[in-house]
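Beneath this line is the structure, given in structure tokens, with notes to follow.
We count residues from 1, following the sequence as given.
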Amino acid sequence: MSDAKLQAVLSSLPQGTRQLDALPSNGPAPDKSFVKLNTNENPFPLPPIIMQSAVAALNRQYLYPDDDNISLREAASSTYGVSTDQVIAGNGSSELLGLIYRAFLAPGDKVAMISPGFSFNRKLAMLHGAEFLEIGCQTHSLPMEQLLSGPAKDAKFILVANPNNPTGTFLSISNIERLVAQSDRLVVLDEAYVDFAPDHGLRLINRYSNLLILRTFSKSYAAAGIRVGFGFGHPEIIGRLRNIQNVFNMNVIGHAVGISVLAHRGAYAENHKHIRHERQRVTAALSQLGFSVTPSHANFLLARVPAGQDGSWWQAALERQKILVAYFPDNGLEHCIRVSIGTKEQLDAFLAAARDIVGSLNIPGTTGRGASGSARSVR
Ligand SMILES: Cc1ncc(COP(=O)(O)O)c(C=O)c1O
């Protein structure tokens with residue numbers, strides 16, 4: 001049915017908004033029977049003491065959360081040893097990424113990201129009509145020359161996720177410091193997975209005014225659905241971001257959980273131990289099955305699938321067994337899948353399905369269960 005008014009309204013959208021239609025969507029939410037290992041959540045409940053503060057916050061549901069997230073920012077400032085005006089709080093760190101793009105970019109500007117990287121950035125760049133430069137980084141050190149000269153030299157900011165998503169690789173903080181020291185661009189250091197890594201960059205924050213660090217409570221603090229994120233940087237830059245932020249961007253539960261997590265970070269020791277242990281166990285098990293796993297410093301694994309099929313084939317084969325993993329169709333990751341570190345039971349189910357699939361493929365030199373019944377159809 002043609003709707004002339006709707007067409008007129010849609011055609012008034014700027015090109016950046018319309019271009020987003022071309023990007024792949026996340027697809028429908030899976031039903032609860034699926035084992036969900038595709039978006040790097042932390043699968044455990046909140047520690048009881050933090051859950052109590054979330055429930056108590058529900059009794060304040062009729063109030064707006066406090067202005068400018070001040071109580072949460074103050075709590076973060078004392079936990080992380082920075083001043084309150086060096087902190088911005090976000091409805092997840094992705095809100096803060098969005099603010100950075102909105103604050104710094106005009107159509108035609110350039111933004112540079114270490115690649116492969118967090119794909120949401122490509123969407124944000126497109127939305128703002130920016131040129132998105134993906135700077136390949138295959139080794140354990142930043143491609144300094146490419147970042148400091150050539151097209152990236154003019155980028156409005158440079159994005160480095162450390163540990164990186166989707167690779168799970170970790171760059172030394174001295175390597176990152178070299179970039180921040182030598183560049184006059186804003187360097188956005190996205191530390192979404194830092195609590196699973198050996199080091200972090202926050203100690204650089206008072207030394208370099210061109211460094212902006214992002215953190216989230218979605219991964220290491222099991223609060224993805226509650227949406228708590230932080231940015232740390234120079235007060236002038238943080239102030240500009242706060243200026244353009246939505247009023248009441250967070251909610252009372254996010255504030256309460258954020259403050260409680262900051263007070264009880266030790267309550268996650270077992271959780272983080274589990275993730276490190278399972279990361280190692282699943283790496284070894286996948287290697288035995290013929291996968292090649294990138295050593296990970298995050299709560300997920302990037303695994304190159306055994307020869308013969310690509311990552312998309314594996315994603316579909318696992319989905320038929322009710323296991324969801326992530327697949328990235330570009331940046332040389334066509335033969336990889338990314339698997340989040342879930343509970344032991346979830347990962348056992350994933351490994352059993354992977355064994356079954358490898359067995360049905362009869363790949364020489366692997367230790368799948370052997371073909372059981374008829375071979376699976378190969379797409
Ligand atoms: C590198 C990276 N940064 C930021 C985010 C966004 O996290 P959130 O908005 O939940 O804080 C993610 C989520 O997957 C991520 O992988």
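The distance from the CZ atom of Phe118 to the CG atom of Leu214 is 10.5 Å, given to the nearest 0.5 Å. In this structure, CZ in Phe350 is found 7.5 Å from CG in Leu37, a value given to the nearest 0.5 Å. Rounded to the nearest 0.5 angstrom, Ile213 CD1 and Glu191 CD are separated by 5.0 Å. Taking CG of Leu301 as the reference point, atom CG of Asn40 lies at 9.5 Å (rounded to 0.5 Å). Separating the CG atom in Leu189 from the CZ atom in Arg215 is a distance of 8.5 Å, to the nearest 0.5 Å. Note that CZ of Arg73 is 9.0 Å distant from OG of Ser83, once rounded to the nearest 0.5 Å.
Judged as a ring pair (Phe, Tyr, Trp, His ring centres under 6.0 Å), and not counting sequence neighbours, the contacts of Phe157 are Tyr101. For the salt bridge (Lys or Arg N to Asp or Glu O under 4.0 Å) test, no residue two or more places apart in sequence or in another chain qualifies with Arg276. With sequence neighbours excluded, the residues satisfying salt bridge (Lys or Arg N to Asp or Glu O under 4.0 Å) with Asp199 are Arg203. Taking the side chain to side chain contact (heavy atoms under 4.5 Å, CB included) definition, one finds that Arg178 meets it with Met144, Asn175, Gln182, sequence neighbours left out. Remark: Gln146 engages Ile135, Pro143 in a side chain to side chain contact (heavy atoms under 4.5 Å, CB included) (not counting sequence neighbours). Partners of Pro329 by side chain to side chain contact (heavy atoms under 4.5 Å, CB included), not counting sequence neighbours, listed by chain and number: Tyr327. Applying the ring pair (Phe, Tyr, Trp, His ring centres under 6.0 Å) criterion to Tyr221, with sequence neighbours excluded, gives Phe217, Tyr268, His272. For the side chain to side chain contact (heavy atoms under 4.5 Å, CB included) test, residues two or more places apart in sequence or in another chain that qualify with Asn251 are Ile253. Residues that satisfy the salt bridge (Lys or Arg N to Asp or Glu O under 4.0 Å) test with Lys110, not counting sequence neighbours, are absent from this structure. Partners of Arg338 according to the salt bridge (Lys or Arg N to Asp or Glu O under 4.0 Å) rule, which considers only residues two or more places apart in sequence or in another chain, do not exist here.
Between Arg207 and Glu177 there is a salt bridge, since a side-chain N of the basic residue sits under 4.0 Å from a carboxylate O of the acidic one. Salt bridge Asp348/Arg355: absent, no basic N to carboxylate O contact under 4.0 Å. Residues Asp195 and Lys219 are not paired through a salt bridge, judged by the lack of any N-O separation under 4.0 Å between the basic side chain and the carboxylate.
Ring orientation note: the planes of Phe170 and His297 are tilted relative to one another, at an angle of 30° to 60°.
In this structure a side-chain-to-backbone donor-acceptor pair under 3.5 Å is missing from Ser260 to Ala256. Between the side chain of Asp66 and the backbone N or O of Ile70 there is at least one donor-acceptor pair closer than 3.5 Å. Side-chain N or O atoms of Asn331 include none that pairs as donor or acceptor with a backbone N or O of Leu333 at under 3.5 Å. Under the 3.5 Å distance criterion, the side-chain polar atoms of Thr79 are left unmatched by any main-chain donor or acceptor of Ala76. With hydrogens and angles disregarded, a donor-acceptor distance shorter than 3.5 Å links the side chain of Ser296 to the backbone of Ala298. Glu134 places no side-chain N or O within donor-acceptor distance of the main-chain N or O of Arg122, the cut-off being under 3.5 Å. In this structure, the side chain of His234 engages the main chain of Glu236 through a donor-acceptor pair within 3.5 Å. Of the possible donor and acceptor atoms, none in the side chain of His335 sits under 3.5 Å from a partner among the backbone N and O of Gly308. Remark: the backbone N or O of Leu171 is paired with a side-chain donor or acceptor of Asn162 at under 3.5 angstrom.
The number of heavy-atom neighbours closer than 6.0 Å to CZ of Arg240, taken from other residues, nucleotides and ligands shown, is 12 or below. Environment of CD1 in Ile49: sparse, with no more than 12 heavy atoms of neighbouring residues, nucleotides or ligands closer than 6.0 Å.
Linking ILVMFWY side-chain heavy atoms closer than 4.5 Å, directly or via other members, places Ile100 and Val87 in two distinct hydrophobic clusters. Grouping the Ile, Leu, Val, Met, Phe, Trp and Tyr side chains by contacts below 4.5 angstrom, directly or via other members, places Leu241 apart from Leu127. In the hydrophobic clustering of this structure, Val82 groups with Leu204; members are Ile, Leu, Val, Met, Phe, Trp, Tyr whose side-chain heavy atoms approach within less than 4.5 Å, directly or through other members. If you chain together hydrophobic residues whose side chains sit under 4.5 Å apart, Ile323 and Phe291 fall into the same group. In this structure, Leu211 is a member of the same hydrophobic cluster as Ile114, with clusters built from ILVMFWY side-chain heavy atoms closer than 4.5 Å.
Proximity of Trp314 to Ile357: side-chain heavy atoms (C-beta onward) are separated by under 4.5 Å at one or more points. Looking only at side-chain heavy atoms (C-beta outward), Asn210 and Asp184 stay at 4.5 Å or farther from each other. A 4.5 Å side-chain heavy-atom check between Ile259 and Ser53 finds every atom pair outside the cut-off. Counting heavy atoms from C-beta outward, Leu46 and Ile226 have side chains that approach closer than 4.5 Å. Phe328 has its side chain out of reach of Pro116: every pair of non-hydrogen atoms, C-beta onward, lies at least 4.5 Å apart. A heavy-atom distance below 4.5 Å is found between the side chains of Leu148 and Ser183. Counting heavy atoms from C-beta on, the side chains of Leu361 and Pro306 never come closer than 4.5 Å. Between Ser220 and Phe196, the closest side-chain pair of non-hydrogen atoms falls below 4.5 Å.
Residues Tyr193 and Phe300 bring their aromatic ring centres within 6.0 Å.
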Hey, can you pull the donor-acceptor pairs under 3.5 Å for the side chains in residues 14-24, sequence neighbours left out?
residue	atom	partner	partner atom	Å
Arg18	NE	Leu13	O	3.0
Arg18	NH2	Leu13	O	3.1

For this session: Starting from the C-alpha separation in whole Å, work towards a yes-or-no answer on side chain to side chain contact (heavy atoms under 4.5 Å, CB included) for Leu351 and Arg281.
Result: CA-CA 11 Å; Leu351 288 172; Arg281 178 177 80 93; 4.0 Å; yes

For this session: Apply side chain to side chain contact (heavy atoms under 4.5 Å, CB included) to the pair Asn91 and Asn246, showing each step before the final yes or no.
Result: CA-CA 10 Å; Asn91 197 25; Asn246 266 357; over 6 Å; no

For this session: Let me see the working for Leu318 and Val339 under side chain to side chain contact (heavy atoms under 4.5 Å, CB included), right down to the final yes or no.
Result: CA-CA 11 Å; Leu318 286 162; Val339 185; over 6 Å; no

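For the residue pair Ala89 and Glu95, the shortest heavy atom distance occurs at O-OE1, 4.4 Å.
Asn42 and Asn299 form no side-chain donor-acceptor contact under 3.5 Å, judged by distance and modelled atom types alone. Side chains of Arg304 and Thr294: no donor on one and acceptor on the other come within 3.5 Å. Between the side chains of Thr39 and Lys36, at least one donor-acceptor pair of N or O atoms lies under 3.5 Å. Between Asn38 and Gln315, the side chains place no donor N or O within less than 3.5 Å of an acceptor N or O (distance only, hydrogens not considered).
Residue pairs meeting the ring pair (Phe, Tyr, Trp, His ring centres under 6.0 Å) criterion with at least one member in residues 130-149, sequence neighbours excluded, do not occur.
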